[in-house]
Amino acid sequence: MGDPKGFMSTPRREWPRRAVEERVRDWNEVYVPGALLPIIGKQADRCMDCGIPFCHDACPLGNLIPEWNDLVSRDDWRAASDRLHATNNFPEFTGRLCPAPCEAGCVLAINQPAVTIKNVEVAVADRSFELGFVPPRPPDRLSGRTVAVVGSGPTGLAAAQQLTRAGHTVAVYERDDRLGGLMRYGIPEFKMEKHHLDRRLEQMRAEGTKFRTSTAVGRDVGAAELRSRYDAVVIATGATAWRELSVPGRELAGVQQAMEYLPLANRVREGDLESSPMSAAGKHVVIVGGGDTGADCLGTAVREQAVSVTQLDIYAQPGADRDDDAEPWPTYPKIYRLSAAHEEARELRTAPAADADARLFAASTLRFEGDADGHVRSLHLVEVDAARNPRQGTERTLPADLVLLALGFFGPDRADGLVDQLGLAMEPRGTIKRDASFATNVPGVFAAGDAARGQSLIVWAIAEGRAVAAAVDRRLTGSSQLPSPIGPYDRPMSV
């Protein structure tokens with residue numbers, strides 16, 4: 001380690017965010033440009049280089065965290081880049097978007113603030129591009145085998161890059177007009193500017209990966225036809241079938257799914273639209289759902305200058321500290337976290353009636369009411385207990401001109417016909433069924449990512465992409481040197 005006493009002498013410092021009043025007036029990333037590098041060496045020094053680094057197990061990619069922490073503390077960016085990319089195809093994505101279960105598993109976190117692993121990761125990733133340490137790595141020779149990857153989210157891109165580098169000819173099919181899946185149209189610009197995605201896609205093109213956009217497999221190209229044209233097919237379409245809220249008034253205009261709302265705001269940033277037809281400007285907005293997608297809607301509505309924004313979370317407000325009995329170290333604890341969007345909402349007081357920042361906790365929606373034109377105007381809610389039973393006398397009404405449902409996803413969208421045309425077996429929960437080698441019931445067809453695992457984190461998506469690539473490579477060639485960080489049945493550490 002760079003400084004054996006760093007964890008005792010150096011306090012945790014995170015990448016500072018720009019002032020709220022400044023950042024809500026634009027769509028740039030929320031962090032102060034250039035403010036990370038001056039502090040990151042000392043932060044890397046806080047890593048204790050543990051004999052048993054639990055951060056490895058907390059991260060499904062098995063990132064070699066103590067190694068690149070040590071290299072950053074010694075200012076050896078090239079070696080740090082090599083160690084980081086040895087386990088992660090896209091650290092610039094995870095360094096911005098992952099909630100960092102590795103930090104929850106940091107040994108220092110037993111009794112102190114964890115090492116800023118996520119900040120070190122993104123610093124290494126960005127420096128790697130700045131210094132030219134991540135050139136394209138095309139294969140030395142081609143295998144003569146072909147693979148189709150359906151979906152260009154983190155799972156599909158990771159699988160495609162691994163298989164391309166192994167020498168296979170890979171084509172990625174994406175139903176949207178641009179690549180990236182939810183990273184392109186679901187993640188707001190203020191969380192990850194899209195030039196980071198475009199930069200990595202250029203690397204993949206230079207390595208030989210082919211891309212087919214605006215092509216929905218099952219509709220624009222028959223699924224059986226695709227299967228007949230390739231030696232293997234990887235289904236990595238994600239879990240885009242959203243959960244519904246069946247309450248009176250759901251049919252009113254202005255009650256929308258989050259993933260109907262967020263892509264429009266991103267298309268404005270891409271230059272496709274002058275303004276979003278679903279803009280929150282001048283409206284009272286209520287977001288139903290307390291997760292990351294809801295927070296993304298919150299930050300977007302604030303930037304669109306909503307009159308008010310309130311987020312409903314059905315769970316009780318968690319405490320500030322880990323409950324050692326219910327969620328002992330090194331599991332990822334449910335604690336009160338203040339995302340950039342929630343910090344903005346708190347400072348701007350977007351929801352004066354909220355419990356904290358913009359959130360109403362332990363709140364369940366009862367019904368929506370609208371005006372004579374059939375447009376939503378209010379949301380009725382009730383406070384619930386831990387079993388989600390209503391508490392008498394706690395009903396209240398919020399003004400609502402736009403309601404965004406951010407309730408999560410349960411499996412792949414079957415509207416294009418891909419699943420049914422191939423005859424894929426499904427799990428009862430709506431995901432694609434697969435065996436221990438990521439193979440479906442259809443020979444030569446594999447399933448990975450949220451389409452098979454269910455809604456999960458970006459770090460699990462990339463791990464799935466790397467693992468399914470090794471499985472496909474093994475089927476095509478008889479063996480594989482590609483890493484396989486997880487199995488299809490692995491799950492996060494829990495009690």
Side-chain angles (χ1 to χ4, degrees), residues 58-63 84-85 87-102 118 121-122 125 147 149-164 170 172-176 179-187 191-192 194 196-197 200-201 204 209 211 233-242 259 262 291-293 296 332 408-413 427 429-432 434 438 440 446-472 482-493:
C59 173
L61 285 165
N63 280 333
L84 180 58
H85 284 91
T87 58
N88 189 350
N89 296 71
F90 313 123
E92 67 275 22
F93 303 164
T94 52
R96 288 175 167 84
L97 305 177
C98 182
C102 54
K118 182 175 171 177
E121 177 180 34
V122 78
V147 183
V149 176
V150 185
S152 67
T155 297
L157 293 180
Q161 185 166 63
Q162 293 293 94
L163 288 165
T164 297
V170 181
V172 177
Y173 288 79
E174 170 56 54
R175 66 180 179 178
D176 282 326
L179 299 163
L182 290 183
M183 291 188 296
R184 174 73 65 184
Y185 288 129
I187 299 297
K191 284 183 69 174
M192 187 182 78
K194 299 307 181 282
H196 298 296
L197 174 58
R200 188 62 78 170
L201 290 168
M204 293 182 65
T209 302
F211 295 101
V233 174
V234 176
I235 309 298
T237 55
T240 55
W242 50 58
M259 287 311 300
L262 290 172
D292 289 341
T293 302
D296 292 346
Y332 189 75
F409 309 89
F410 60 84
D413 182 1
E427 298 284 1
R429 60 194 179 120
T431 55
I432 299 172
R434 57 188 179 171
F438 294 87
T440 70
F446 297 76
D450 290 4
R453 174 173 290 274
Q455 185 179 356
S456 189
L457 305 178
I458 185 171
V459 68
W460 281 89
I462 296 173
E464 286 252 342
R466 289 171 67 87
V468 76
V472 172
L482 295 177
S484 184
I486 60 171
Y489 311 130
D490 289 341
R491 292 293 181 268
M493 287 190 294

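Nothing here was measured: the structure is a model prediction, and the numbers come from that model. Below, all heavy atoms of this structure are taken into account, side chains as well, without hydrogens, waters or symmetry copies.
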Q: Partners of A463 by side chain to side chain contact (heavy atoms under 4.5 Å, CB included), sequence neighbours excluded?
A: P60, L61, P485, I486
Q: Looking at every non-hydrogen atom in both residues, tell me the closest pair between G180 and S152 and how far apart they are.
A: N-OG, 2.9 Å
Q: Below 4.5 Å, heavy atoms only, C-beta onward: do L201 and L157 meet side chain to side chain?
A: yes
Q: Hey, could you give me the CZ/CZ distance between R429 and F410, rounded to the nearest 0.5 Å?
A: 12.0 Å
Q: Can you name the salt bridge (Lys or Arg N to Asp or Glu O under 4.0 Å) partners of K194, sequence neighbours left out?
A: E189
Q: Report the distance from atom CH2 of W460 to atom CG of D450, rounding to the nearest 0.5 Å.
A: 12.0 Å
Q: Would you find a donor on one side and an acceptor on the other, under 3.5 Å apart, between the side chain of T164 and the backbone of A160?
A: yes
Q: By side-chain hydrogen bond (donor to acceptor under 3.5 Å, both in side chains), which residues pair with D296, not counting sequence neighbours?
A: K191
Q: Would a 4.5 Å heavy-atom cut-off, applied to side chains only, mark L84 and E121 as touching?
A: yes
Q: Minimum heavy-atom separation for T431 and G411, please, with both atom names.
A: CG2-CA, 4.4 Å
Q: Sequence neighbours left out, what passes side chain to side chain contact (heavy atoms under 4.5 Å, CB included) with A470? Give chain and number order.
A: R474, S480, L482, S484
Q: Of all residues at least two apart in sequence or in a different chain, which pass the side-chain hydrogen bond (donor to acceptor under 3.5 Å, both in side chains) check with T440?
A: none
Q: If you measure from CG on L97 to CE on M192, what distance do you get to the nearest 0.5 Å?
A: 5.5 Å
Q: Testing the basics here: between G449 and E464, what is the closest heavy-atom pair and its distance to 0.1 Å?
A: N-OE1, 2.7 Å
Q: Given side chains that start at C-beta, do those of F90 and L197 come closer than 4.5 Å, heavy atoms only?
A: no
Q: Within this structure, what is the OH-CG distance for the pair Y332 and L457, rounded to the nearest 0.5 Å?
A: 7.5 Å
Q: Identify the two heavy atoms, one from R434 and one from Y489, that lie closest to each other, and give their separation to 0.1 Å.
A: O-OH, 3.2 Å
Q: Restricting to salt bridge (Lys or Arg N to Asp or Glu O under 4.0 Å), what partner residues turn up for D292, sequence neighbours left out?
A: none
Q: Checking F446 now: which residues fulfil ring-ring contact (aromatic ring centres under 6.0 Å, His included) with it, not counting sequence neighbours?
A: none
Q: Considering residues at least two apart in sequence or located in another chain, which fulfil the side chain to side chain contact (heavy atoms under 4.5 Å, CB included) criterion with A461?
A: P154, T155
Q: Could you give the distance from CZ (R200) to CG (L179), rounded to the nearest 0.5 Å?
A: 14.5 Å
Q: Can you tell if the side chain of T237 reaches within under 4.5 Å of the side chain of R175, non-hydrogen atoms only?
A: no
Q: State, with a plain yes or no, whether a side-chain heavy atom of C59 is found less than 4.5 Å away from one of V459.
A: yes
Q: Among all residues two or more places apart in sequence or in another chain, which pass the ring-ring contact (aromatic ring centres under 6.0 Å, His included) test with Y173?
A: none
Q: Which atom names give the shortest non-hydrogen contact between G153 and M183, and what distance separates them?
A: C-CE, 4.2 Å
Q: Taking all non-hydrogen atoms of both residues into account, name the closest pair between F409 and W242 and its distance.
A: CD2-CA, 3.7 Å
Q: If the condition is salt bridge (Lys or Arg N to Asp or Glu O under 4.0 Å), which residues does R96 pass it with, not counting sequence neighbours?
A: E29, D126
Q: Output all residues satisfying side-chain hydrogen bond (donor to acceptor under 3.5 Å, both in side chains) with Q455, sequence neighbours left out; order by chain, then residue number.
A: none
Q: Just to verify, what does R184 make a side-chain hydrogen bond (donor to acceptor under 3.5 Å, both in side chains) with, not counting sequence neighbours?
A: D198, E270
Q: Hey, could you give me the CG/CD1 distance between N63 and I462, rounded to the nearest 0.5 Å?
A: 9.0 Å
Q: Sub-3.5 Å donor-acceptor pair from the side chain of R466 to the main-chain atoms of A158, do we have one?
A: no
Q: For the pair Q162 (side chain) and A469 (backbone), establish whether a donor and an acceptor sit closer than 3.5 Å, ignoring hydrogens and angles.
A: no
